[in-house]
Engineer: 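Below: one structure in structure tokens.
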Amino acid sequence: MKKKILRIGMCLFLLTCLAGCTGGSGEHSSANPFSIKTESSGQIFAMDTYMKIDAYGENADAAIHEALDLIQALDQKWSATNPQSEVALLNEAGQVTASTETEELFQVAYSVYESTDGALDITIYPLVRLWGFPTQDYHVPSKEEINEVLPLINMSGVSLDSSTHTLSVPNQMQIDFGAVAKGYTAEKIIQLFRGQGIESALVTLGGNIQCLGYKKDQSEWRIGIQNPSGDTPLGILSIHDCAVVTSGDYQRYFEENGMKYHHILDPSTGYPADGGITSISILCTDGTKADALSTALFVLGKEAAIQYWQNHSEEFDFVMYTTKQELIITKGIEKKFTSSLPFSVIDP
Ligand code: AMP
Ligand code: MG
């Protein structure tokens, strides 16, 4: 049996020229310390991904410090594999006192769960474990194993008592915030920066990118969308004050007996979602929502994702790349998107 473990790093990459970074985990650097305008950057490995933050403006150094602390604090709350995290305690005991952040994240996930008929479902964890993703002990489960676990995937079974802040799940049900945690984290960093007077920032948390304001030369941020089947980007987005979050079948997967199995699972079948999408990048001013929608629309598949957007076209836009190598964007970003590849534009 041939089993190959493959992981590809960041799904979005930057075409902008940014201040230099120091290496290593949780480090930061600053430049131009005597000017009123300062700039600083930091990087860290957390939430199972490489993260980089750049900030420009007064107090940039202090803001970067706080952002790195925030990432670590949120990682400690939500890492399913850290036995002290709120998620692990909930998964172990069926109940936990939720922090404000956990409540907020749960509520965003719940609203997208509802609006997508369960395509996003954070009670996916028993299934994610069955496929071996958390431990990288990958394995294609039998139909019987999948059928045993499927009844546990049901977010409507999770309850949140907002007076006691108690989050509870029924017996054996377990949650995983992997589809939404990075989006929330980026959103909170941007909010933190806004509160500190930072005028311009770029937060890159793996496939989650969120920018604040414009680049320091006042031009728009230029974000390249990774092409899963080539070196040339699928396209470039010119944006400001926006999150761009990508979910893709190439980001994390394994191969067994010549077949590829990726990490975005369809809660209705128990198998990797196969609705004809290779990657979908969501553009939204709210980073948490962008992350929730990237996973949900990937699961919905091409046709249902387009339909979902047509019913919510005021809220977000997307760049979709299908398994048939079609490049599709939504009307709202027609003027922000350039590509050397042919693409079609969906109307609301
Ligand atoms: P993302 O990269 O944001 O699309 O999130 C993918 C991660 O979310 C996976 O690695 C799993 O931990 C988890 N996940 C997979 N499928 C789902 C799903 N249908 N709903 C919620 N979380 C999921
Ligand atoms: Mg997501």
Side-chain angles (χ1 to χ4, degrees), residues 7-12 47-51 75 78-81 85 87-88 91 105-106 108-136 138 146 149-150 152-156 158 173-187 205-210 226 228 243-254 261-275 277-284 286-301 304-305 316 318 320:
R7 283 179 64 182
I8 301 180
M10 298 197 327
C11 65
L12 286 168
M47 300 183 181
D48 215 14
T49 201
Y50 170 76
M51 303 181 165
D75 196 13
W78 297 330
S79 161
T81 51
S85 77
V87 165
N91 289 347
L105 186 57
F106 175 80
V108 175
Y110 199 83
S111 87
V112 174
Y113 161 78
E114 282 194 310
S115 71
T116 61
D117 291 329
L120 178 86
D121 189 329
I122 58 158
T123 61
I124 200 88
Y125 198 52
L127 197 58
V128 172
R129 283 179 57 204
L130 184 62
W131 284 87
F133 283 104
T135 51
Q136 298 183 11
Y138 301 120
I146 286 183
V149 165
L150 275 184
L152 298 174
I153 319 301
N154 176 13
M155 196 175 172
S156 54
V158 186
M173 211 182 248
Q174 296 188 322
I175 70 160
D176 167 18
F177 279 134
V180 285
K182 291 194 286 292
Y184 179 94
T185 305
E187 175 66 32
L205 315 182
N208 288 58
I209 291 190
Q210 192 161 349
Q226 185 171 333
V244 183
V245 178
T246 301
S247 287
D249 62 9
Y250 59 92
Q251 290 172 332
R252 186 166 301 189
Y253 64 92
F254 68 96
Y261 300 92
H262 65 79
H263 68 134
I264 304 172
L265 304 175
D266 184 339
S268 67
T269 64
Y271 286 88
D274 64 351
I277 299 178
T278 286
S279 89
I280 183 156
S281 304
I282 305 288
L283 282 92
C284 182
D286 180 330
T288 318
K289 199 165 159 185
D291 200 3
L293 287 173
S294 72
T295 312
L297 268 58
F298 188 100
V299 172
L300 284 180
F316 71 99
F318 68 64
M320 181 193 286

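If you read the sequence from its start, that first residue is 1, and numbering goes on from there. One-based numbering, in listed order, for ligands and for the atoms of each.
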Engineer: Mind checking whether F254 and F133 have ring centres under 6.0 Å apart?
Structural biologist: yes
Engineer: Closest by any non-hydrogen atom to atom 4 (O) of ligand 1: pick that one out of S247, P267, G207.
Structural biologist: S247
Engineer: Have a look around the Mg ion (ligand 2) and list protein N/O/S atoms under 2.8 Å, or say none.
Structural biologist: A179 O, D291 O, D291 OD1, T295 OG1
Engineer: Look at atom 23 (C) of ligand 1 and say which protein heavy atom is nearest, naming residue and atom and giving the distance to 0.1 Å.
Structural biologist: I124 CG2, 3.6 Å
Engineer: Indicate yes or no: does an N/O atom of I264 lie under 3.5 Å from an N/O atom of ligand 1?
Structural biologist: no
Engineer: Got an N/O contact under 3.5 Å between H263 and ligand 1?
Structural biologist: yes
Engineer: Any donor-acceptor pair under 3.5 Å linking the side chain of T116 with the backbone of V112?
Structural biologist: yes
Engineer: For ligand 1, is there an N or O atom under 3.5 Å from any N or O atom of A179?
Structural biologist: yes
Engineer: Identify the residue among K289, E187, Q210 that makes a side chain to side chain contact (heavy atoms under 4.5 Å, CB included) with C284.
Structural biologist: K289
Engineer: In the protein, what heavy atom is nearest to atom 1 (P) of ligand 1, and what distance, to one decimal place, separates them?
Structural biologist: T295 OG1, 3.3 Å
Engineer: Could you tell me the residue and atom name of the protein heavy atom closest to atom 21 (C) of ligand 1, and the distance to it rounded to 0.1 Å?
Structural biologist: D121 O, 3.3 Å
Engineer: To check you understand the geometry: which heavy-atom pair defines the closest contact between T246 and S279, and what is its length?
Structural biologist: CG2-CB, 4.3 Å
Engineer: Go through I175 and V87 one step at a time and tell me if the side-chain contact (heavy atoms from CB on, under 4.5 Å) criterion holds.
Structural biologist: CA-CA 7 Å; I175 70 160; V87 165; 4.1 Å; yes
Engineer: Identify the closest protein heavy atom to atom 13 (C) of ligand 1: which residue and atom is it, and at what distance?
Structural biologist: D176 OD2, 3.6 Å
Engineer: Examine ligand 1 and decide if any of its atoms is less than 4.0 Å from a heavy atom belonging to A119.
Structural biologist: yes
Engineer: When you measure from the side chain of H262 to the backbone of A273, do you find a donor-acceptor pair of N or O atoms at a distance under 3.5 Å?
Structural biologist: yes
Engineer: Give the ring-plane orientation class for Y271 versus W131, where under 30° counts as parallel, over 60° as perpendicular and anything between as tilted.
Structural biologist: perpendicular
Engineer: Using every non-hydrogen atom in the two residues, find where T123 and V158 come nearest and quote the distance to one decimal.
Structural biologist: CG2-CG2, 3.5 Å
Engineer: List the atom of T81, the atom of P134, and the distance in Å for their closest heavy-atom pair.
Structural biologist: CG2-CB, 4.5 Å
Engineer: Would you say the side-chain atoms of D121 pair up with the backbone N or O of M155, donor to acceptor, closer than 3.5 Å?
Structural biologist: yes
Engineer: Heavy-atom contacts with D291 under 4.0 Å: which atoms of ligand 1 show up? List them by number with element.
Structural biologist: 3 (O)
Engineer: Taking 4.0 Å as the limit for heavy-atom contacts, which would you say applies to L120 with ligand 1: side chain only, backbone only, both, or neither?
Structural biologist: both
Engineer: Let's go through F177 and Y184 carefully: what are the C-alpha distance in whole Å and the side-chain angles of both, what is the deciding distance for side-chain contact (heavy atoms from CB on, under 4.5 Å) to 0.1 Å, and is it a yes or a no?
Structural biologist: CA-CA 10 Å; F177 279 134; Y184 179 94; over 6 Å; no
Engineer: For atom 16 (N) of ligand 1, find the nearest protein heavy atom and state the residue, atom name and distance (0.1 Å precision).
Structural biologist: L265 N, 3.0 Å
Engineer: Before you tell me yes or no, could you show the steps for Y113 and S156 under side-chain contact (heavy atoms from CB on, under 4.5 Å), namely the whole-Å CA-CA distance, both residues' side-chain angles and the distance that decides it to 0.1 Å?
Structural biologist: CA-CA 9 Å; Y113 161 78; S156 54; 3.5 Å; yes
Engineer: May I ask you to list the atoms of ligand 1 that are less than 4.0 angstrom from any heavy atom of V299?
Structural biologist: 19 (N)
